Amino acid sequence: MAVTAKPGRKITGAVLRWVVLVVLGIYFVLPLVAMGEFSTRGVNDTRSLDSWTGIFADPDLVDSILTSVELAVLSSVLMLVLLVPTMAWIRLRLPKLRRLVEFLCLLPLTIPAIVLVVGMAPLYAWVNYLLGDSPLTLTFVYAVLVLPFAYRAIDAGLASIDLKTLAEAARSLGASWGTVLWRIVVPNIRTALIGASLLSVALVLGEFTIASLLNFETLQVQVNLIGKRNAGLSIAVSLACLVFAFVLLFLLSYVGQRRRVTVVED
Amino acid sequence: MVAPVTTSAGGGAAKAAAPGRGPTRGNVLAWLVVVPFLAYVGTFLVYPTILVLAGAFQDSDGAFTLSNLTDLMKGVYLQAFWRSIELSAITALLGAVFGALLSWAVATGNPVGLLRRVVVAGAGVLAQFGGVPLAFAFLATVGFQGFVTKFLQDSFGINLFSGGAWIFELPGLTLVYTFFQIPLMVIVFLPALDGLRPQWREATESLGGSSWTYWRYVGGPILFSPFLGAVLLLFANAFSAYATAAALVSQGSPIVPLQIRGFLTGEVLLGQENLGKALGLGMVIVVGVAMGIYALLQRRVSKWQ
């Protein structure tokens with residue numbers, strides 16, 4: 001019975017699988033095609049690349065792109081500086097604090113960004129008073145937003161190495177804690193750190209809620225503003241953003257894989 | 001010697017400590033390492049959150065009051081909450097069903113193949129980093145001058161907007177939200193599908209069970225908790241989402257996040273600022289409950305893996 005039923009099931013399964021892939025594939029690719037079509041519309045049903053070349057002709061847009069890239073780098077660095085020593089230290093010396101740090105890192109998932117911004121507004125009055133109102137001050141809140149993603153990536157990285165033994169070996173050979181961190185922990189969880197950074201960069205480049213409500217002109221805020229007067233241009237930039245984030249995450253899938261391979265080899 | 005690892009904390013300082021006092025002094029120093037992280041998170045996450053939660057119970061002079069919360073229970077605010085919950089629930093269910101199907105189609109393929117990489121990376125972009133670009137993708141597709149709108153008009157004479165400007169209202173939000181809900185489902189549900197062992201299927205078959213038997217008595221029950229958990233996560237995700245809706249709807253505030261925008265951009269009466277914080281408290285409660293149950297389900301699921 002089972003033997004005769006098997007090929008039939010395999011075929012129905014394969015057909016259903018392809019139906020699902022094709023239908024949902026169209027559902028998700030269609031908007032991207034539409035963006036490509038819309039952003040290359042010229043006058044009188046002609047094709048034109050004006051919207052795309054217009055990206056670099058708009059000084060406000062170029063400024064906001066630079067701002068967002070700077071924010072992405074600064075937030076990733078701040079996230080690494082805050083998380084890596086703390087998480088490594090907790091695994092080595094203060095396991096009791098692990099639940100608390102995990103809770104704090106995952107908390108941004110439960111506090112919607114729009115709610116966080118309500119509480120941030122008075123805080124940012126102080127930040128801007130002390131540090132000036134540069135959009136780069138958004139780094140502080142972005143480092144918080146990326147915590148859940150970064151925590152999970154780094155935690156997985158730390159779990160994949162025998163941190164305690166490595167640290168004890170280094171310490172018994174006379175290494176300071178700083179050396180242990182910089183020359184033992186960081187190189188061993190390199191791929192996890194790259195993963196956490198890529199996720200942070202993608203998140204910061206896509207962030208809109210907090211920047212727009214605190215009145216800072218980042219990339220997404222600018223894209224939204226442009227949308228009100230030049231739909232073609234805003235759609236071209238939107239498509240570029242989506243493609244860029246896709247490339248980052250696609251690279252990430254290879255980073256994660258390489259880590260697994262090295263673990264097996266060890 | 002290996003001893004320093006367990007007794008000393010800050011290099012030379014702890015080495016100089018007397019052996020008897022070592023552990024306590026070491027512990028104090030050990031705690032110091034965590035202080036920057038705790039201070040930072042305290043300032044930029046915990047403090048603003050407390051500010052919102054406490055503000056919900058204060059009037060404009062800072063005195064304790066429950067009037068913000070009672071105001072929330074009526075009129076436009078209550079309507080916005082119901083509409084947000086409705087939007088989140090519908091898109092969570094749609095996202096969960098179609099996302100589960102897509103996950104299944106991907107999980108049955110090569111685990112390191114190109115298809116899976118493309119789908120997972122694409123899902124990550126749309127689910128977590130889309131925001132504003134998604135709103136414009138939606139407009140380019142079914143907006144007034146959109147690709148599909150024009151195609152249907154030119155080829156079949158179908159006017160998508162004969163029923164009104166639905167794309168800027170709840171039906172439009174529902175459609176655009178599924179663009180990030182289905183991908184999020186793929187991200188959270190794919191690991192659960194990967195956890196199904198091929199041996200279970202083989203065992204079912206060798207005992208004479210059909211595909212239906214397998215899903216009815218083995219696969220289905222195992223996937224039930226992760227599926228339910230994913231629905232809750234998707235609900236919380238849609239309920240918290242702001243960017244896509246804000247870029248799409250520039251006038252009016254049909255859902256709670258957009259109403260909070262009104263309070264932040266000063267579109268409300270003076271002296272009512274704390275009503276915005278009460279809306280925030282309401283959102284935290286709704287999202288918190290969904291995420292809390294999600295965490296409980298996760299704990300149950302992890303026993304299986």
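All heavy atoms count here, side chains included; hydrogens, waters and symmetry mates do not. Here is the naming used below: chain letters follow the sequence lines, and residue numbers restart at 1 for every chain. Every value quoted in this text rests on a predicted model; they were computed, and no experiment measured them.
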Determine whether A:F149 and B:Q128 satisfy the following criterion, side-chain contact (heavy atoms from CB on, under 4.5 Å), listing intermediate values before the conclusion.
CA-CA 11 Å; A:F149 301 92; B:Q128 280 145 340; 3.3 Å; yes

Measure A:I90 against the heavy atoms of chain B and call it side chain, backbone, both or neither at under 4.5 Å.
side chain

The interface call for A:L123 against chain B, heavy-atom contacts under 4.5 Å, is side chain

If we define contacts as heavy-atom pairs under 4.5 Å, which of A:V204, A:V19, A:L248, A:V118 has the most with chain B?
A:V118

Side chains of B:F147 and A:M35 in contact at under 4.5 Å (non-hydrogen atoms)
no

Measuring from atom CG of A:L205 to atom CZ of B:F129, what distance do you get when rounded to the nearest 0.5 angstrom?
9.5 Å

With a 4.5 angstrom heavy-atom cut-off, could you sort out which part of A:Y27 is near chain B: side chain, backbone, both or neither?
both

Does A:F244, at its CZ atom, have more than 12 non-hydrogen atoms belonging to other residues, nucleotides or ligands within less than 6.0 Å?
no

Taking A:R17 for its side chain and B:T108 for its backbone only, find out whether a donor-acceptor pair lies under 3.5 Å.
no

Let me know if A:L78 has heavy atoms under 4.5 Å from chain B in its side chain, its backbone, both or neither.
side chain

Taking salt bridge (charged side-chain N to carboxylate O under 4.0 Å, His left out) as the cut-off, I'd like each qualifying pair that reaches into residues 98-116 of chain B, sequence neighbours left out, listed once.
B:R116-B:D194

Search all heavy atoms of A:G119 against all heavy atoms of B:V52 and return the closest pair with its distance.
N-CG2, 3.4 Å

Return the CD1 to CG distance between B:I260 and A:L213, rounded to the nearest 0.5 Å.
9.5 Å

Toward chain A, the part of B:A236 with a non-hydrogen atom under 4.5 Å:
neither

Taking everything shown except A:K96 itself, do over 12 heavy atoms lie less than 6.0 Å from its NZ?
no

Any heavy-atom pair between the side chains of A:L94 and B:V33 that's under 4.5 Å?
no

Evaluate whether atom OH of A:Y151 has more than 12 neighbouring non-hydrogen atoms of other residues, nucleotides or ligands under 6.0 angstrom away.
yes

Less than 4.5 Å apart, any side-chain heavy atom of B:L115 and any of A:L21?
yes

Nearest 0.5 Å please: distance from the CG atom of B:L53 over to the CD1 atom of A:I111.
6.5 Å

Please look at A:V127 and chain B and tell me whether the side chain, the backbone, both or neither of the residue comes under 4.5 angstrom of a heavy atom of that chain.
side chain

Value rounded to 0.5 Å, distance of CZ in A:R41 from NZ in B:K150
4.0 Å

So which atom in B:A140 and which in A:I235 form the shortest heavy-atom distance, rounded to 0.1 Å?
CB-CD1, 3.7 Å

Against chain A, work out which of B:L45, B:V287, B:V34 has the most heavy-atom pairs shorter than 4.5 Å and name it.
B:L45

More than 12 non-hydrogen atoms from neighbouring residues, nucleotides or ligands closer than 6.0 Å to CZ on A:R99, yes or no?
no

Show the nearest heavy-atom pair for residues A:T209 and B:A243, with the distance to one decimal.
OG1-N, 4.1 Å

Against chain B, label A:L109 side chain, backbone, both or neither, depending on which of its atoms sit under 4.5 Å from a heavy atom there.
both

Of the backbone (N, CA, C, O) and the side chain (C-beta and beyond), which part of A:L82 lies under 4.5 Å from a heavy atom of chain B, both, or neither?
both

With a 4.5 Å cut-off on heavy-atom pairs, point out which of B:V148, B:I182, B:L139 contacts chain A the most.
B:I182

Considering only heavy atoms, which portion of B:L38 lies under 4.5 Å from any heavy atom of chain A: side chain, backbone, both, or neither?
side chain

How many angstroms lie between CG in A:L116 and CE in B:M283, if you round to the nearest 0.5 Å?
11.5 Å

Non-hydrogen atoms of chain A under 4.5 Å away: do they reach the side chain of B:L175, the backbone, both or neither?
both

Is there side-chain contact between B:V41 and A:L147, with at least one heavy-atom pair below 4.5 Å?
yes

Between B:V46 and A:L104, is any pair of side-chain heavy atoms under 4.5 Å apart?
yes

Between CZ of B:F136 and CG of A:L242, what distance do you get to the nearest 0.5 Å?
11.5 Å

If you count the non-hydrogen atoms of other residues, nucleotides and ligands that lie under 6.0 Å from CZ in B:F144, is the total more than 12?
yes

Atom of A:T110, atom of B:G288 and distance for their closest heavy-atom approach:
CG2-CA, 3.6 Å

In the structure I gave you, are the side-chain heavy atoms of B:W31 and A:L97 within less than 4.5 Å of one another anywhere?
yes

Taking side chain as everything from C-beta outward and backbone as N, CA, C, O, which of these in B:V120 sits under 4.5 Å from a heavy atom of chain A? Side chain, backbone, both or neither.
neither

Taking all non-hydrogen atoms of both residues, which atom of B:V284 and which atom of A:P112 are closest, and how far apart?
CG2-CD, 4.3 Å

Checking heavy atoms, do the side chain of B:V119, its backbone, both or neither come under 4.5 Å from chain A?
neither

For chain A, which of B:G276, B:A290, B:A247 has the most heavy-atom pairs under 4.5 Å?
B:A247

Just so I know, are the side chains of B:P133 and A:Q220 near enough to count as touching, which here means a heavy-atom distance under 4.5 Å?
yes

Under 30°, 30 to 60°, or over 60°: which ring-plane class applies to B:Y40 and A:F140, parallel, tilted or perpendicular?
tilted

Check each atom of B:F138 against the heavy atoms of chain A and say whether the ones under 4.5 Å are side chain, backbone, both or neither.
neither

Quick one: are B:W104 and A:L16 in side-chain contact, heavy atoms under 4.5 Å?
yes

In terms of heavy-atom proximity below 4.5 Å to chain A, should B:V256 be classed as side chain, backbone, both, or neither?
neither

Please report the shortest heavy-atom distance between A:F28 and B:F179, naming the atom on each side.
CE2-O, 3.5 Å

Heavy atoms only, distances under 4.5 angstrom: which of B:V118, B:L101, B:I50 has the most pairs with chain A? Name it, please.
B:V118

